[in-house]
Asker: 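One structure, as structure tokens, below. Some questions next.
Residue numbering restarts at 1 for every chain, and letters A, B, ... go by the order of the sequence lines. What you are looking at is a predicted structure, and each value in this text was computed from that prediction instead of being measured.
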Number of protein chains: 2
Amino acid sequence: MTKIETGPQKPKRRKAARPGEILQAGLEEFAISGLAATRLEDIAQRAGIAKGTIYRYFDSKEDLFMAVVRSRLVLSLDQFEEMVTNYPGPTDALLRQVLTGIYKQFVGSDISGVIRILISEGPRFPGLVDIYHKEVTSKGVTILTHIIKRGIERGEIRDGPAAREPRLIMAPTIMAILWDLTFKAQDPIDIEEYLTAHIDIILHGLSA
Amino acid sequence: MTKIETGPQKPKRRKAARPGEILQAGLEEFAISGLAATRLEDIAQRAGIAKGTIYRYFDSKEDLFMAVVRSRLVLSLDQFEEMVTNYPGPTDALLRQVLTGIYKQFVGSDISGVIRILISEGPRFPGLVDIYHKEVTSKGVTILTHIIKRGIERGEIRDGPAAREPRLIMAPTIMAILWDLTFKAQDPIDIEEYLTAHIDIILHGLSA
DNA sequence: GGAATTTTAATGACTTTTGAGTCATTATCT
DNA sequence: AGATAATGACTCAAAAGTCATTAAAATTCC
């Protein structure tokens, strides 16, 4: 019955265990279990620290959650934007390059975790949805709109309903991310093949 | 301080409050908040009953959760299957009919709730993911594969990478469902237009 | 440069809160 | 009148959040 024995025994590491590590551990846990089902103790364990340490950097579980999502929300689409504005060649090659880059960067990455979190927790965190929509989604739509506009001007893309709905171009990407998150065990996607097929159907679907 | 006052005051309704009502209320709450964050009290309130009543029909919160998802998992794709096998006309009209039917039936329906639940809770309920994959996803893929095969045989669809990846055809549908769940407030989808564009790009993307 | 001292980081036992699950009591049905 | 359905106050376990205590780092002083 040696129980009442207050105080800690072995505070070890120093220097590391920075907020960044907590954010990373938090992302990994939240992406799997969501906000409510994730225990701070799990995050602490994954980060190799004690639960109490989290409270030195974040006010509450929810505060940590917000910080986690915000920290991964911005993600640079700038490279793609630049690709589009500077690209000299034909539209099909440009689209191929942009889509390839997006797959490489997103499928199976931290970003897919953020997307799952957003879908799951969106209703209780409209603020986060708002930021994501502004920072990521609508930027993506803008880039795709540019590609289409450019293609129409060059006479490579036909104008029509499809050209007015840029979300169609990225739909297969979103689906691949979610498929990978959800059905990887049952029925894994071969990303190479899928990407090839994606580019193929989009190029034929839009071409003049 | 009139607190300790055991026993109930007003058991009201009889006859209604059947398991079905609890399942419906459960679906609505679970779809918004997920398993962990949903309180049985919320479900009870939505169903217009007391918390204890739930335990007459379900053993535990998790048992109710499983029952909720299972109850909405099967959903008939049979009508679409039948459409495909019996359809006499050209592929574009068939595809138009099938896609229109899917949008009408799925976007904004109970099914979108189930899809959100599956994405959110999948990692902790691989059994449910398994059932959904077998009962819904792979059936959907089969139907689309039939359409494509039929189209190739009739000389209306070109063979190629896109024809080997039927998931591409339904990707915009999935995206519309999730977009509606997540970004309705920021940026609602006009389903009529979106569907038109979807059919347009797919038909051009696949046509011979 | 290094011992002594102050400041800051980290710990985990403890407290508090929250919500799942129970059950004695009461209404309604047969 | 007996059986069944429903209730909500209550119990209890689990996890969020606190804090006295200790380790390590930074600073001061000689």
Side-chain angles (χ1 to χ4, degrees), chain A residues 1-26 28-30 32-69 121 124-125, chain B residues 1-26 28-30 32-69 121 124-125:
Chain A
M1 295 301 166
T2 27
K3 258 316 165 53
I4 293 158
E5 168 85 15
T6 206
Q9 270 70 12
K10 46 188 158 105
K12 272 175 228 134
R13 307 199 295 151
R14 310 298 348 288
K15 170 128 130 287
R18 220 117 322 281
E21 292 181 23
I22 299 175
L23 288 175
Q24 180 61 31
E28 287 161 13
E29 291 290 332
F30 286 137
I32 293 173
S33 304
L35 172 58
T38 297
R39 291 171 313 158
L40 286 180
E41 199 114 24
D42 295 338
I43 295 175
Q45 189 169 359
R46 188 183 279 262
I49 60 177
K51 184 177 62 163
T53 305
I54 294 174
Y55 287 91
R56 179 162 305 279
Y57 300 102
F58 305 95
D59 290 344
S60 67
K61 186 181 176 181
E62 190 170 313
D63 181 49
L64 169 60
F65 174 76
M66 299 282 273
V68 163
V69 180
E121 314 286 350
R124 260 143 309 118
F125 295 92
Chain B
M1 298 300 166
T2 27
K3 259 309 163 60
I4 293 159
E5 168 85 17
T6 206
Q9 270 71 11
K10 46 192 156 100
K12 271 173 227 135
R13 305 198 296 151
R14 311 292 350 288
K15 169 132 131 286
R18 219 117 326 277
E21 292 181 22
I22 299 175
L23 288 175
Q24 181 60 31
E28 288 162 13
E29 291 290 333
F30 286 138
I32 294 173
S33 304
L35 173 58
T38 297
R39 291 171 314 158
L40 286 180
E41 199 116 21
D42 295 338
I43 296 174
Q45 188 169 0
R46 188 184 282 262
I49 60 177
K51 184 175 65 161
T53 305
I54 294 174
Y55 286 91
R56 180 161 303 278
Y57 300 102
F58 304 95
D59 290 344
S60 66
K61 185 182 177 180
E62 192 170 311
D63 181 50
L64 169 59
F65 174 75
M66 299 284 273
V68 163
V69 179
E121 313 286 350
R124 260 142 310 114
F125 295 92

Asker: Show, in sequence, the C-alpha distance, side-chain angles and deciding distance for Y55(A) and L40(A), and conclude whether the side-chain contact (heavy atoms from CB on, under 4.5 Å) test is met.
Answerer: CA-CA 10 Å; Y55(A) 287 91; L40(A) 286 180; 3.1 Å; yes
Asker: Would you mind reading off the distance between R56(A) atom CZ and dC19(D) atom P, rounded to a whole angstrom?
Answerer: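 Nearest whole value for this atom pair: 13 Å.
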Asker: Rounded off to whole Å, could you give me the CD1-to-P distance for the I54(A) and dA15(D) pair?
Answerer: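 Answer to the nearest Å: 14 Å.
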Asker: Looking at R39(B), is its backbone amide N or carbonyl O close enough to the side chain of K51(B) to form a donor-acceptor pair, meaning the two atoms are under 3.5 Å apart?
Answerer: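 Side chain of K51(B) to backbone of R39(B): no pair is present.
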Asker: Describe, in one word, how the ring planes of F65(B) and F125(B) are oriented to each other, choosing from parallel (under 30°), tilted (30 to 60°) and perpendicular (over 60°).
Answerer: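 Aromatic pair F65(B)/F125(B) classed tilted.
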Asker: Give every pair of a protein N or O atom and an N or O atom of nucleotides 19-22 of chain C that lie under 3.5 Å apart, one pair per line with the distance.
Answerer:
| residue | atom | partner | partner atom | Å |
| --- | --- | --- | --- | --- |
| dA20(C) | OP1 | T38(B) | O | 3.2 |
| dA20(C) | OP1 | K61(B) | NZ | 3.1 |
| dA20(C) | OP2 | L40(B) | N | 3.1 |
| dA20(C) | N7 | K51(B) | NZ | 3.2 |
| dG21(C) | OP2 | Y55(B) | OH | 2.8 |
| dG21(C) | OP2 | K61(B) | N | 2.8 |
| dG21(C) | O5' | Y55(B) | OH | 3.3 |
| dG21(C) | N7 | K51(B) | NZ | 3.1 |
| dG21(C) | O6 | K51(B) | NZ | 2.5 |

Asker: Could you check if a side-chain atom of L23(A) sits within less than 4.5 angstrom of a side-chain atom of L64(A), using non-hydrogen atoms only?
Answerer: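 L23(A) reaches L64(A) side chain to side chain.
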Asker: Taking atom types as modelled, find out whether Q24(B) and E28(B) have a side-chain donor-acceptor pair closer than 3.5 angstrom.
Answerer: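 There is such a pair between these side chains.
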Asker: Return the value, rounded to whole Å, for the distance between atom CZ of F58(A) and atom P of dA10(C).
Answerer: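 For the pair F58(A) CZ and dA10(C) P, the rounded distance is 12 Å.
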Asker: How many whole angstroms separate atom CG of D42(A) from atom P of dA14(D)?
Answerer: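 About 14 Å, once rounded to whole Å.
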Asker: Within this structure, what is the CD-to-P distance between Q45(B) and dA6(D), rounded to whole angstrom?
Answerer: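 That distance rounds to 18 Å.
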Asker: So, for R46(A) and I32(A), which heavy atoms are closest and what is the spacing to 0.1 Å?
Answerer: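 Answer, listing the atom of R46(A) first, then I32(A): NH2-CD1, 4.3 Å.
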Asker: Between C1' on dA27(C) and CD1 on I49(B), what's the gap in Å once rounded to a whole number?
Answerer: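 These atoms are roughly 16 Å apart.
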